[in-house]
Every structure is written in C-alpha cells, then in structure tokens.
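We use all heavy atoms of the structure for the numbers below, so side chains are in, but hydrogens, waters and symmetry mates are not. Residues: numbered from 1 along the sequence shown.
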Amino acid sequence: MTNMPPNLSPTRTTCASLLHELQIIWDEIGEGDSERDRMLLQLEQECLDIYRKKVERTRKYKAELHQSLAEAEAEIAKIISALGEHTSFSRGRGTLKEQISAIKPILEELRSKKQERIKQFSETQSQVVQICAEIAGSGQSNSSDPQVNECDLTVRQLEELKSHLHELQTEKIFRLQNVNSHINTVHELSALMSIDFSKTLNEVHPSLSDPSGSQLKSISNDTLARLTGVVHSLKQEKQQRLQKLQGLGSTLIELWNLMDTPVDKQKGFEHVTSLISSSPNEVSSQGCLALDVIEQTEVEVERLNALKARKMKELVFKRQNELEEIYRGVHMDVDSDAAREILGSLVDSGNVDLSDLLSSMDDQIAKAKEQALSRKDILDKVEKWRYAIEEEKWLEEYERDENRYSAGRGAHKNLKRAEKARNLVSKISSICENLTAKVNAWEMEKGIPFLYDKVPVLQSLEEYSVLRQEKEEEKRKFREQKRLQEQFAAEQEARFGWKPTPRKPLGQSTSANTMVGTPTGRRLATPSGRHGISAAKERRESGRVTNMIPINYVALPKDDAISRDS
C-alpha cells in the first residue's frame, strides 16, 4: 500500500473513514461478527472485481494502441509502395502514445499525397475515357467517376497514362481536322450544285450541323466513314453533272453553228459553254452545277433540236447551193437535180444523222474550194483564150464589111477595136500553147481531164486548132481565086476592051439583116460548133451568102478583156 501513488491517499482515508462509520452503525444495530465478516468479504470481492475490470480494459486499450500503430505502419508501407516512394520512416522510441504521435504526421502527409495522386489519375482517366467514348461514337463515357487502381499510383504509371491521353488528344485533333476538312468540302460541293448543306450534314450526324456550336462535333469512326462517303458521292455527282453540262454545252455550240444563232442569243448560256474545257478542279462558280441549270440547258437543247429538225433540210440545201455555186464559178460539172433529189430523200427518210450529213457536205465544200483554187490559173487563161476567139470572130466579120471605113457614127471606135483585136489575134497561138502546157501539167498531177462546162479543154483546143487551120486554108484559096479573077479581068480588057462584072468575093453574105458585132455567146469550140463552122464554109464556097453592115453600126470594145490582155 506504501507504493500507491500519492494521489490515492485521500481515497484510502475516505475508505477507512467509511469503514469506521460502518463499524459504528453495526455496533448500534447489533450485528454479529459473522455477519460483519461476511459483509466485509463481500466488499473486498466487489472491489477486486472492479480492479480486475479496470485492468482488463487497460490491457485492451494497450492492445488497441499496438493495433493502431501496426495499422498505421502497414498503411504507410502500402501508400509508399503504391506511390512508388523510396522514403523510409521510424516509429522512434517511447511509449505507445508517443510512437503513435510520432507516426501520425507521416501518415497524414502520405494520405494527402495519395489523394492528390488519385485525383490526378482520376482526371487523366476521365479525359481518356471521354476521348475514347468520342472516338467510339458513344459521345459520353458510361461512368462519370472512372475507377482508379490505388495499388499502382506511381509517377511512371501516371506519365504513361498522360502519354496515352496525349496520343488520344492528338488523334482527336487529327480527326477533328478531318471532319472540318470534309465539312468544308461538302460546303463547297453543296454550293456548286445548290444542295442543302445543313440537311446533308445532319444526315451524317446532328452535331455537324449545329449552328450554335454548343454540341461537340462527332469524330467517331462511323462519322468519318460516312463523311468520306458523302464527299466521294458529291464528287462523283459533281463529275457527272459537269460531264452532262459539258455535253449539253458542246451540243448547244453545234446547234448554234448549224443554225447561225446570233451571238446575243447565245449569251444566256455562256455560263454553260464556258465549262466545256474546264476540269473538275477548275469549276468554282456557285450554283453553276445546279439541277436547275442542267434542266434549263436540257430544255434549250430540246428546243434547238426541234428547231434544227425543222431547219435542217433548209441547211442541207443551203450547203448544196454553196457547193453548186463553187462548181459553177469554176465551170465544173455538177448534176444539181440528181444531187438535190438524193439529199431530199436522205433528209426525209430520217435514217441519216443530219449533223454527219452536214459535216460531209462541209468536207465536200472544202474539197471543192481546193479544186477551184487549183483551177483558177487555168480558168483565167481559158477566159483569155475565149475572149481572143471572140475578138477573132468579130475581126473577121468586121474585115468583111465593105463600108467599115465609111464616116458613120462610131466608125473610129471600131477602127480602134480592130487594131487591138489584130494585136490580140496575133498572140492566139502562144496563148493556146501556154494553155495546153498548163492543162497537161494539171491533168498529169490530178489524174483526171480538165473539163470546162462538161467539155475537156484539150479537146476544145484541138478542135479550135483544126478549125483555125481550115480557115487559113479557106483564106488562102480565097486570095488565090481573087488573084485569078483579077488576072482574067485584065486579060479580057486587054483582049476585047471590056471589063467583066466582078463577082462577089466568095464567102460574103447578101443578107441585109445580118448584124456584125461582138458575139454575145461565150462558148468553147465543141463538135457541134465545129459542124456549124463547116456549114458556114460550104455557104461561103457556094457564093450564095454575102454580108451587109449598116452604116451606123458601132461595136464597143471590151475594156475588161483588153486590160487582161495587156
């Protein structure tokens, strides 16, 4: 009892006092010693029980303190392991409470660091889950608070997670760029073809057509695939529309050219014809590939085709007229009636493409122009020769006129023309030789005879040469006959003293109504012409034909032909 703490002595004093008081009460009551011993024993037992309970509770508390200390140490070790820390700690020496007090700040600090690390993991994982959900197309993650593995909260694991997040963010940016690029392409193509841009995007994903931008644009694989498909489809549609408009534009130009459409009436479709030579990348005008434009162009082509069907026959015969005019201009043979009959049958039958027919006729016209150009030099010489022949015939008629030197009106003009005609006639031989050489060279090059109004020029030259020789022979015989007549007349006068009445020179006409002048017909010598000249020869030989020229006859010179000769 002497080892009791000092603070317990008052309690013991009180207990002794109470025991003394209890003894007094028992004395007063008259309790026996046995009863008193029993009660005292009971009090001692009760006190012992109270001590035992207190000791037991104290032992338990001690065990709890040991447990708390052990758990704190275990938690610290676990947190250090999870955080990947290399920190060491010691509980120190002293009582259990002192050890717990020493370890508590360390535990609190580690717990705080753990919660901060968990927060970092949670935020990073949330972003990862969100981006993955966007890429997957679900939009929002299934869990708003992703589970964090608290057993591995190391910095290395956090960096790996952040690296993964960075990759996903890069992927998200790339996908968003692709989405925006596709959206811009869809917008351009929609503007070109006048397609509802918002409706097109809304069919892919509603977030793409959100004008407010409050909704995140979908970047999922499905959205990208559908956007790519829409862009591809629109590009194909653009290509098809462009090709269709280019075909319609080419058809318009062909129809305009066929029907000589005025330029001012073509301006309404310049936006179509300007696309003919454009590549798909060069087409940028808004609405130029709209369905309305195609429909309007188709309507115009149908209208022009209907007009073409009505005017095609007229155009065909217009080309035929042009072809015939070229042939006529260079004196080439053409069967107009047969050609027109064939063309009319082809157009009416409907079995021939009129555009091909017109193209074929254009080719014929081009060839005819080439032929005409190759004939021009020879034709000029043929005309010169024909003019020389006409002047020769006029000169013959003029020289047979006995009154050509009379002082009639215009006689001096006939004299002037006769002088020029003689000069031209003297060159006929060289003209014929030059023309013959030119025709021979042309025929050798082309492999066909050179015809003039269906008659070969070489044949006409040959016939003219034969006819001229015959006329020279006639002139020679006439001169010889005249000489013999003059000689006979001189002999008669010397012999009988009288002069016989001279006979009219052979070949002079006695018809008073014959007018000698510039011939009006311009024909090459032909076999029929040759027979006509032979008949005239027979009449001259018979002496039955004479020529009479009125006194007032004037034949004006052909200045244009003379100028060509000079």
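Within the model, atoms CG of L165 and NZ of K172 stand 10.0 Å from one another, a figure rounded to the nearest 0.5 Å. Note that OG of S285 and CG of L275 are 8.0 Å apart. Values are rounded to the nearest 0.5 Å. N180 contributes atom CG, which lies 11.5 Å from atom CD1 of I173 (distance to the nearest 0.5 angstrom). If you take CD on E300 and CG on L252, they are separated by 6.5 Å, rounding to the nearest 0.5 Å. We find the CG-CG distance between L192 and L242 to be 9.5 Å, quoted to the nearest 0.5 Å. We find the CD1-OG distance between I365 and S360 to be 10.0 Å, quoted to the nearest 0.5 Å.
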Item checked: Working for side-chain contact (heavy atoms from CB on, under 4.5 Å), residues T251 and T297 -> CA-CA 10 Å; T251 304; T297 308; over 6 Å; no

Note to self: Could you walk me through whether R479 and K475 satisfy the side-chain contact (heavy atoms from CB on, under 4.5 Å) test, starting with their C-alpha distance in whole Å, then the side-chain angles of each, then the deciding distance to 0.1 Å, before giving a yes or no?
What the structure shows: CA-CA 6 Å; R479 289 194 295 271; K475 289 180 181 179; 3.7 Å; yes

Next item on the list: Please step through side-chain contact (heavy atoms from CB on, under 4.5 Å) for the pair H205 and D222, ending with a clear verdict.
Entry: CA-CA 10 Å; H205 196 279; D222 180 63; over 6 Å; no

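Although no hydrogens or angles enter the test, the distance criterion places a donor-acceptor pair under 3.5 Å between the side chain of E282 and the main chain of S279. Remark: the backbone N or O of H166 is paired with a side-chain donor or acceptor of T170 at under 3.5 angstrom. With hydrogens and angles disregarded, a donor-acceptor distance shorter than 3.5 Å links the side chain of Q266 to the backbone of T261. Side-chain N or O atoms of N202 include none that pairs as donor or acceptor with a backbone N or O of S198 at under 3.5 Å. A donor-acceptor pair under 3.5 Å links the side-chain atoms of S250 to the main chain of Q246, judged by distance alone.
Using a 4.5 Å heavy-atom threshold, the side chains of K199 and E203 count as touching. Between I219 and F174 the shortest side-chain heavy-atom distance does not fall below 4.5 Å. Counting heavy atoms from C-beta outward, L304 and W256 have side chains that approach closer than 4.5 Å. Within the 4.5 Å cutoff, the side chain of V301 has no heavy atoms near those of the F269 side chain. Side-chain contact check for E295 versus D292: some heavy-atom pair is nearer than 4.5 Å. For the pair P449/W442, no side-chain contact is recorded, criterion being any heavy-atom separation below 4.5 Å from C-beta on. Looking at heavy atoms from C-beta onward, L168 lies in side-chain contact with C132 at the 4.5 angstrom threshold. Taking 4.5 Å as the limit, every side-chain heavy atom of K420 sits out of range of all side-chain heavy atoms of E391.
Salt-bridge check for E474 with K471: failed, with every basic side-chain N at 4.0 Å or more from each acidic carboxylate O. A salt bridge is defined here as a Lys NZ or Arg NE, NH1 or NH2 lying under 4.0 Å from an Asp or Glu carboxylate O, and K367 with D362 fails to meet this definition. Looking at E134 and R175, no side-chain N of the basic residue comes within less than 4.0 Å of a carboxylate O on the acidic one, giving no salt bridge. Salt bridge present: K244 and E298 bring a charged side-chain N and a carboxylate O closer than 4.0 Å. Residues R468 and E392 are paired through a salt bridge, judged by an N-O separation under 4.0 Å between the basic side chain and the carboxylate. Taking 4.0 Å as the cut-off between side-chain N and carboxylate O, R476 and E473 count as a salt-bridged pair.
Of all non-hydrogen atoms in A136 and S220, the two that sit nearest each other are C-CB, 4.2 Å. When all heavy atoms of L201 and V186 are compared, the pair lying nearest together is CD2-CG1, 4.2 Å. For the pair C288 and V283, the tightest heavy-atom approach, listed with the atom from each and the gap, is SG-CG1, 3.3 Å. Contact detail for I195 and T200: the closest heavy-atom pair is CG2-OG1, 3.6 Å. Contact between V272 and L245 at its shortest, heavy atoms only, is CG1-O, 3.7 Å. The shortest heavy-atom contact between A290 and S194 is CB-OG, 3.4 Å.
For the residue pair Q459 and E463, a side-chain donor N or O sits within less than 3.5 Å of a side-chain acceptor on the partner.
A side-chain hydrogen bond (donor to acceptor under 3.5 Å, both in side chains) check over residues 227-243, counting only residues at least two apart or in different chains, returns the pairs H182-T228, H232-Q236, E237-R241.
Note on ring orientation: taking the six-membered ring where Trp is involved, the planes of F197 and H187 are perpendicular (angle over 60°, cut-offs 30° and 60°).
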